[in-house]
Amino acid sequence: MAGVKSSRSHDMGMHTEQLSGRAMQLFFNAEEEGGFTYADAFEVDFNKRAEIDAEGVSVHDINLRIRKLMQEGYGTIVLKNPGARHSLCAGILNRLNLIIEGSLGYFGCGLIDGPNVRISGRVGWSFAENMMAGVCVIEKNAGSTFGAALRGGDLVCKGSVGSRTGIDMKGGTILIGGDTGAFSGFMMQRGRMVVCGNAGKNLGDSMYDGTIYVGGEIQSLGVDAVPEEMSDLDREWLKRKLSMYELLPKDGSVDHFTKIVAGRQLWNYDNLEPTEKKLIL
Amino acid sequence: MCGIAGIIHRNRTSDIGTEMTSMLRSLKHRGPDSTGFAIYGKPAAEDDVHVLRFKVAEQEDLDKGSHIYELIAKRRAEVEESMNKFGIKMEKIEEPTPYAVRCYIRGGKDLEKLARRIEEIEGVEILSLGRALELVKDLGDADVVSEQYDLGGFQGTHGIGHTRMATESDVDIRSAHPYWAFPYHDISVVHNGQITNYWIMRRELERKKHRFLSNCDSELLAVYTAHNLENGVSLEDSMRRSIEEIDGVFTYLIATKDQLGMAKDTMAAKPMVLYENDDFVALASEEIAIRSVVPHEIDTTDPYDEEVRVWQA
């Protein structure tokens, strides 16, 4: 895909930068499903359901039990009484319906690739950090650095989130039903963030690319983050995505959203490798 | 990293000692070096009765041979002599450790002078002096310190606490949190973060005749607040002002005899989770600390950058 000036992802408005070098894009194809799972992923049956009561069980053992249940073919796991503990449900690289009845602490669902996670409570700092694919839906609030370095998938918080949401995100979609704190989208590189409520100061500071949509007020824009007019494609995408997670306003309108993109005044890159630069200089 | 926590009950008292111990136990992983409690009990009916907690040595001094016990006795005698000179009577004296003393003091007109005199005695440090505040801090985790100082069952309206990971200063009691605003009664602070204009602010306050007992940047917040309160600024306004005037990354809790306040700096880089209901407010660096006193599903929020909140007991 190197050197493509206009690709399918450009046409879909997912990003605008020209990919080059080792950048690679892959699009899901149902017929090639096998190519999108890990070689050692477990075969699971979504109709096979198990429950884990986390009360009194160590975080390490809970994570191991989830893995063991997947190994045994359980495709739906319900985790009860997580008690806001840290690092739960991290590193799941499998298709899985994971239902969490309660709240998670810090670093919940980090480094995941593929599961469909539903959380009835709230989550602490750095939820779904480095998430590669799948869906996570949180019914209540979330802490800071929500979806840091997100690579793919849909990350949804129906309440409000803390500061630095989607810091360094490189793909995927973050949807927030309420407000987000300061420095959200800081150094964003790709992907989309939708904030239905208000955004704190320095939104999109030093963003390289990607798009942020804000339904409420923006306290201030960060360096090199600029507003851009919404296109029909943006509106269509927003309506579709918000309705998927029951976040679309009752009147069905998304006209009140403001679109923020990179101003690209901070960009100072070229396509030359350091060795090539030496040759020229 | 450090962990901070606080709880305040609305119009009632509770077993603050046990609650704060639970919360700080849950935050042990954020700082194992020392643990501190600032808990606020019901003031005595008489206006001239205060609670005094002081130490006459560091915990580590006890390993330095039997000579330290002679020094401890000498320092204790000097404290009592000072009290007598100021016409102050010590009552209900307790010694939770060989180097820490808790007592009630009755009488005396100038407690500030007394405090300064006691602090002049080598090796002696006042941990707290107030109508409601009792400040306990020592090396070890929450359970160790709480048990050592018999905090379980302590009835009070509110408290703040700290588990410390030493980064800026030594691992000793002097550098442990909470700090009180010497010699202003009943003001204590716990802090997670780093104040980068500490020395500028400290010198400014020292020029205004304030005294610092440690080199820990967190003490600045206590002295800064005490200075503002002394000059008629409300606690909430003082905390708002601190966000403008103090540089660095910080989230701090501050308590007075009947209030608990929270402030978060402009970068919101240090965590804080907040839970409120009709009966009490609990805050902590991590939700698990709140869960230790509210063991069921709750709705919590993360205060935003530059947010200041103050609650009344």
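Side chains are part of it too, since the values below use all heavy atoms of this structure and drop only hydrogens, waters and symmetry mates.
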Point to revise | Those residues that, when tested against P249(A), pass side chain to side chain contact (heavy atoms under 4.5 Å, CB included) (two or more places apart) | key: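 Side chain to side chain contact (heavy atoms under 4.5 Å, CB included) list for P249(A), sorted by chain: D251(A), H256(A).
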
Name the member of G83(A), G121(A), G105(A), P82(A) that forms the most heavy-atom pairs with chain B at distances under 4.5 Å.
->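 Answer, by heavy-atom pair count under 4.5 Å with chain B: G83(A).
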
Can you check whether chain B and chain A share any donor-acceptor pairs under 3.5 Å, and give the atom names and distances if they do?
unit_1  : atom_1 : unit_2  : atom_2 : d
H86(A)  : NE2    : E286(B) : OE1    : 2.4
S103(A) : N      : E297(B) : OE2    : 3.3
S103(A) : OG     : R291(B) : NH2    : 3.3
S103(A) : OG     : E297(B) : OE1    : 3.0
Y106(A) : OH     : S285(B) : O      : 2.3
R122(A) : NE     : E287(B) : OE1    : 3.0
R122(A) : NE     : T300(B) : OG1    : 3.1
R122(A) : NH1    : T300(B) : OG1    : 3.4
R122(A) : NH1    : D302(B) : OD1    : 3.1
R122(A) : NH2    : D302(B) : OD1    : 3.1
W125(A) : NE1    : D302(B) : OD2    : 3.2
K140(A) : NZ     : D299(B) : OD1    : 2.6
N141(A) : ND2    : T300(B) : O      : 3.1
V161(A) : O      : Y304(B) : OH     : 2.5
R164(A) : NH1    : M267(B) : O      : 3.1
R164(A) : NH1    : A268(B) : O      : 3.1
R164(A) : NH2    : A268(B) : O      : 3.3
D179(A) : O      : Y304(B) : OH     : 3.3
K201(A) : NZ     : T266(B) : O      : 2.8
K201(A) : NZ     : T266(B) : OG1    : 2.4
K201(A) : NZ     : E306(B) : OE2    : 2.8

task: Check whether more than 12 heavy atoms from other residues, nucleotides or ligands sit under 6.0 Å from atom CE of M244(A), and answer yes or no.
output: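 Enclosed.
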
